[in-house]
**Student:** 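Can you keep this structure in mind? I'll have questions shortly.
In listed order, ligands and their atoms are each counted from 1.
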Amino acid sequence: MIVDLSNLLKAEGSKIRFDSVMKVDELEFNGDRYSFPEPVNVSGNVFNAGNVLELKAAVSGCIHVKCYRCMREIQRDFSFAMDETLTNDDASEAEEAIRFEGHRIEIDDIVINHILLNTSMKYLCSEDCKGLCSACGADLNEGVCGCKNEDVDPRLEVLKKLLEE
Ligand SMILES: [Zn+2]
Ligand SMILES: [Zn+2]
């Protein structure tokens, strides 16, 4: 989404609002994949604070991700607020500010960074997800698989193998 800041830049103390939906491609982070089946809502405003511009937005949507224990596909809603400082002044001393050129700014990458910050975590399909059997890979939420090592701690398993050798 490109936000046109021409009018805003002319008047200190002014504010422009934007309200948009954004298609977000699948994101990969630390080996996990996050996909967004529906467009993400982004609405907020940019305020001309004189030396810098202040971008504030509310972001919401839903995420498709795999349960980290059983790998089942799950969907979770998310919503968060983001807050950034922007400047097109190369001489600006606002170190945290995101630089842009001219009178327009493309905010997709800024929003995507915030989506990653707020959604890249481990998800569970339910608090008591039993996960997959480490021996046969069966989904233990659907019943016991019959393997004998169900309750064996993987570290003990290594020790057992060492003792057998
Ligand atoms: Zn699960
Ligand atoms: Zn099994």
Side-chain angles (χ1 to χ4, degrees), residues 1-3 15-47 52-86 94-100 104-165:
M1 181 200 336
I2 290 174
V3 182
K15 188 184 267 192
I16 52 158
R17 299 195 54 80
F18 58 86
D19 197 345
S20 155
V21 289
M22 193 176 131
K23 180 86 193 78
V24 180
D25 292 329
E26 187 174 80
L27 300 175
E28 202 174 328
F29 189 75
N30 278 347
D32 291 317
R33 287 171 173 278
Y34 303 92
S35 60
F36 303 84
E38 291 163 23
V40 171
N41 299 298
V42 185
S43 66
N45 60 69
V46 187
F47 175 71
V52 291
L53 304 180
E54 291 167 359
L55 164 70
K56 290 192 192 329
V59 183
S60 64
C62 77
I63 187 168
H64 269 198
V65 67
K66 284 192 165 71
C67 167
Y68 87 95
R69 279 193 203 145
C70 72
M71 306 304 281
R72 189 182 299 198
E73 191 84 32
I74 50 178
Q75 180 173 323
R76 288 287 182 271
D77 292 335
F78 65 86
S79 78
F80 60 85
M82 56 176 269
D83 197 336
E84 287 286 1
T85 309
L86 317 171
E95 285 177 12
E96 303 276 278
I98 293 172
R99 312 281 154 162
F100 67 98
R104 289 146 65 85
I105 184 167
E106 164 66 84
I107 66 166
D108 290 18
D109 285 347
I110 304 174
V111 174
I112 284 171
N113 278 337
H114 280 270
I115 290 175
L116 261 183
L117 270 173
N118 284 278
T119 63
S120 58
M121 56 185 98
K122 298 293 185 194
Y123 292 86
L124 278 179
C125 62
S126 78
E127 279 301 316
D128 53 0
C129 172
K130 295 183 178 70
L132 302 179
C133 168
S134 58
C136 74
D139 185 345
L140 299 176
N141 296 307
E142 284 164 12
V144 286
C145 57
C147 294
K148 291 212 167 68
N149 62 345
E150 278 154 28
D151 290 314
V152 177
D153 184 310
R155 285 162 299 178
L156 291 179
E157 189 72 354
V158 171
L159 197 64
K160 209 173 94 191
K161 282 211 174 76
L162 284 174
L163 288 174
E164 280 167 4
E165 278 169 13

**Student:** Take Ile110 and Leu86 through the side chain to side chain contact (heavy atoms under 4.5 Å, CB included) test and state the conclusion after the steps.
**Tutor:** CA-CA 11 Å; Ile110 304 174; Leu86 317 171; 4.2 Å; yes

**Student:** What angle, to the nearest 10°, do the atoms SG (Cys136) and SG (Cys133) form about the Zn ion (ligand 2)?
**Tutor:**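 SG of Cys136 and SG of Cys133 make an angle of 110° at the Zn ion (ligand 2), to the nearest 10°.
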
**Student:** Please check if atom CZ in Arg104 has more than 12 non-hydrogen atoms from other residues, nucleotides or ligands closer than 6.0 Å.
**Tutor:**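 Counting other residues, nucleotides and ligands, CZ of Arg104 stays at 12 neighbours or fewer.
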
**Student:** Rounding to 10°, state the angle centred on the Zn ion (ligand 1) that links SG in Cys125 with SG in Cys129.
**Tutor:**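 Value, to the nearest 10 degrees: 110°.
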
**Student:** Report yes if some heavy atom in the side chain of Ile98 is under 4.5 Å from a heavy atom in the side chain of Thr85; otherwise report no.
**Tutor:**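 Of all side-chain heavy-atom pairs linking Thr85 with Ile98, none is under 4.5 Å.
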
**Student:** What do you get for the angle at the Zn ion (ligand 1) between SG on Cys67 and SG on Cys70, to the nearest 10 degrees?
**Tutor:**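 Value returned, to the nearest 10°, is 110°.
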
**Student:** Indicate yes or no: at least one non-hydrogen side-chain atom of Phe18 is less than 4.5 angstrom from one of Leu55.
**Tutor:**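 A side-chain contact exists here, since the closest heavy-atom pair is under 4.5 Å.
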
